[in-house]
There are 2 protein chains.
Amino acid sequence: MNRPATIADVARLAGWSIATVSRHVNGAGKVSPEAAAAIQRSIEELGYVPSASARGLVSQQTGMIGLVLPAVRDESPVVESNNLVEYDAQTATQIAEVCHSYQNDIIRGAESAAWEIGHAITIAAVRDPEANSRVRDMASRVDGLVVVGDAVEANLLTHLARRVPVVLVDSTRHESIHDYVDSADAVGAGLLAQHLVEEHGVTQLVFVAGTSLTAVERRCFTVLERLGATLLQVSDATASEPEVVAALVQRREDTGRLGLVCSSDELGVRVLRLAEQAGLSVPDDAAITGFDDCRIGRAAKPRLTSVRQAPLDLGALAVEALQRRLSNPQSEPQHYEVPITVVVRESCGAHSTSPPVSA
Amino acid sequence: MNRPATIADVARLAGWSIATVSRHVNGAGKVSPEAAAAIQRSIEELGYVPSASARGLVSQQTGMIGLVLPAVRDESPVVESNNLVEYDAQTATQIAEVCHSYQNDIIRGAESAAWEIGHAITIAAVRDPEANSRVRDMASRVDGLVVVGDAVEANLLTHLARRVPVVLVDSTRHESIHDYVDSADAVGAGLLAQHLVEEHGVTQLVFVAGTSLTAVERRCFTVLERLGATLLQVSDATASEPEVVAALVQRREDTGRLGLVCSSDELGVRVLRLAEQAGLSVPDDAAITGFDDCRIGRAAKPRLTSVRQAPLDLGALAVEALQRRLSNPQSEPQHYEVPITVVVRESCGAHSTSPPVSA
DNA sequence: TTGAAAGCGCTACCAT
DNA sequence: ATGGTAGCGCTTTCAA
């Protein structure tokens with residue numbers, strides 16, 4: 001690995017001009033067969049690879065798309081002594097895994113879509129929203145930026161947006177000056193509710209969530225509320241579970257067949273257990289559904305009906321949005337939504353053999 | 001988003017020379033406070049971000065590290081009608097998920113390590129080993145290449161290596177002309193065996209693998225063989241399972257307490273079931289261990305003792321290797337190994353309350 | 001401390 | 001079809 005060969009080296013060795021080499025390499029313009037042959041030979045010989053920097057400099061584009069993700073911090077289990085460890089899976093680890101697979105899908109979706117349009121992607125996991133230099137640096141080497149979640153400060157974002165187009169993904173505080181992509185989660189909640197009511201004769205919808213609602217959860221509840229759903233908030237603490245059990249019993253008595261729409265599969269599994277404690281049979285007394293279609297829900301005892309929001313598509317759509325913006329810089333900021341899918345399983349009353357039902 | 005501001009724009013607006021702006025931005029050389037202030041102001045005003053291409057061109061380095069991964073193709077479940085689907089988890093999907101989380105960890109490890117040394121990373125999932133242009137392109141925009149698995153043809157690799165240093169990760173056909181990183185999997189197998197024999201009184205070690213051994217598996221078996229292990233190959237087909245059951249019964253009768261070292265957690269779980277069918281109690285008649293420490297093993301009935309090879313560290317180590325190479329281009333190609341960890345659980349005879357044991 | 005200017009490797013335009 | 005050449009935006013001498 002000496003000084004890497006340049007186009008000039010190739011030209012000299014081949015006995016043709018730099019311009020001709022450039023044309024040959026880019027397949028632009030006509031190049032005589034003899035020239036092409038000679039040039040190709042010296043390319044091989046010298047191991048020539050054109051410099052992306054030089055190309056980018058003259059063409060004013062880098063051929064790269066940047067993906068900024070919020071870093072997920074995961075607790076690693078304590079390692080006890082050299083090479084041997086006693087391991088216990090922990091909640092924190094599980095949550096981290098869910099986030100990882102989510103981000104992983106976004107990355108892969110973006111990578112694939114970027115590849116389709118001839119771009120490479122570069123990624124940065126941002127630990128700290130004030131870590132500006134990181135994002136700045138990235139902005140300098142890409143044609144466009146996909147920012148997932150709230151990894152980046154709003155004002156930095158606007159600064160960067162003056163240089164490269166920015167597409168937000170699943171941001172909670174998305175401002176309308178940027179293009180924005182998320183899943184149609186509220187639509188999913190609605191579909192789910194509709195399914196429960198129409199197909200499984202649920203008479204009372206209940207939206208089950210944590211003690212404080214996230215933006216997504218609020219949106220979902222808004223939709224569900226219109227369909228007559230009530231809200232049941234479950235704290236993280238195990239201590240408060242008896243209350244929840246009581247509430248479930250209560251509602252069952254008051255209103256007949258329950259449809260418990262939980263805001264995550266994790267929560268859904270927990271509610272499954274609580275319903276059992278409440279003496280409710282699932283799905284007969286209470287149909288229970290999750291959200292996000294994680295493995296945990298697929299492994300649950302009555303498998304959990306859930307809403308799948310393909311993060312793969314999220315990533316891909318973000319890249320497509322970027323491409324549109326790139327080719328049409330002046331148009332209004334747009335909002336894209338990736339469609340969701342309701343995955344019907346036993347926890348809502350479907351029989352494993354029953355055919356799928358349409359919306 | 002007009003034409004992005006250049007250093008010249010900043011200089012003009014600030015009323016100082018290009019050179020001074022450059023020095024201010026890079027913190028190199030002395031710049032008077034007044035100059036700094038004026039320059040900083042116009043940077044903000046113009047939303048100036050220095051062009052990585054231009055920088056790269058002059059400095060002859062891109063500040064990027066490329067990560068090439070073999071694409072994992074996963075079967076997506078058939079979607080049945082609009083937005084509703086009946087889902088069944090499939091083996092193919094499970095395998096894909098394992099690969100994904102493995103690759104995901106490598107990416108995150110690499111990203112993090114790269115960040116430490118001031119580099120960004122770019123990734124390419126290569127669908128087809130002959131997709132040369134993709135990798136070529138990447139080679140043109142990075143300071144170094146990390147190639148995972150057998151994603152890239154050997155001869156292309158050597159071509160590229162003339163331009164950028166290449167570090168191989170988990171390649172089966174790694175040639176000694178490149179730096180190379182993998183896990184100490186064979187060491188792990190050895191440690192596992194040792195643990196089984198010394199701590200749990202296993203009298204007969206059996207290495208359980210698929211019908212054709214991968215390179216890793218061969219390495220592991222080589223080690224185990226020295227410790228007296230025999231080989232038991234299990235085909236993917238369920239049909240042949242009775243034979244395996246018979247084999248297990250046979251060996252148990254012949255040689256006393258069995259130590260079944262399986263080449264993956266998936267296989268381990270399967271063997272768990274087969275041992276049960278064979279009427280063997282686990283871990284009393286047969287201690288069973290997996291490999292790779294996946295979720296499936298942690299969820300198994302007697303939780304599976306396994307060997308964890310932190311792919312996070314793989315990625316990080318690869319980047320470190322690259323950095324060494326970058327700062328010392330002439331040294332001999334090196335082989336790096338990330339240490340493994342034996343995770344002791346019930347399937348080998350450990351009590352969940354028992355303290356961890358040292359090697 | 002500052003500024004002028006020579007490239008870095010490449011593309012694209014203009015002659016030929 | 002081919003070659004000469006003017007930049008692209010930046011860093012880095014070298015003088016001042």
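Letters A, B, ... are given to chains in the order of the sequence lines, protein chains preceding strands, and every chain is numbered from 1.
The distance between atom NE2 of H24(B) and atom P of dT1(C), rounded to the nearest whole Å, is 15 Å.
Looking at residues two or more places apart in sequence or on another chain, you find no side-chain hydrogen bond (donor to acceptor under 3.5 Å, both in side chains) involving S327(A). Taking the side-chain hydrogen bond (donor to acceptor under 3.5 Å, both in side chains) definition, one finds that E44(A) meets it with Q40(A), sequence neighbours left out.
Summarising the geometry, atom CG belonging to L317(B) is positioned 11.0 Å from atom CD1 belonging to I106(B); distances are rounded to the nearest 0.5 Å. One distance of note links CG of D143(A) with CE of M64(A); it measures 8.5 Å at 0.5 Å rounding. The distance from the NE2 atom of H178(A) to the NE2 atom of H335(A) is 14.5 Å, given to the nearest 0.5 Å.
Once you apply a 4.0 Å limit to the heavy atoms of chain B, the touched nucleotides of DNA chain D run 5' to 3' over dG9(D) to dT12(D).
Using a 4.0 Å cutoff on non-hydrogen atoms, no part of residues 9-17 of chain B comes near DNA chain D.
Using a cutoff of 4.0 Å between basic side-chain nitrogens and carboxylate oxygens, D9(A) and R3(A) are scored as salt-bridged.
Not one N or O on the side chain of Q309(A) forms a donor-acceptor pair closer than 3.5 Å with the backbone of D182(A).
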Evaluate V146(A) against V169(A) for side-chain contact (heavy atoms from CB on, under 4.5 Å), listing each step before the verdict.
CA-CA 7 Å; V146(A) 174; V169(A) 174; 3.7 Å; yes

Base versus backbone protein contacts along nucleotides 7-16 of chain C [heavy-atom cut-off under 4.0 Å; B, S, -]
BBBSBBB---

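For the residue pair T122(A) / R141(A), no side-chain donor-acceptor distance below 3.5 Å is found, with atom types taken as modelled.
Counting only residues at least two apart or in different chains, side-chain hydrogen bond (donor to acceptor under 3.5 Å, both in side chains) contacts with residues 46-57 of chain A comprise N26(A)-R55(A).
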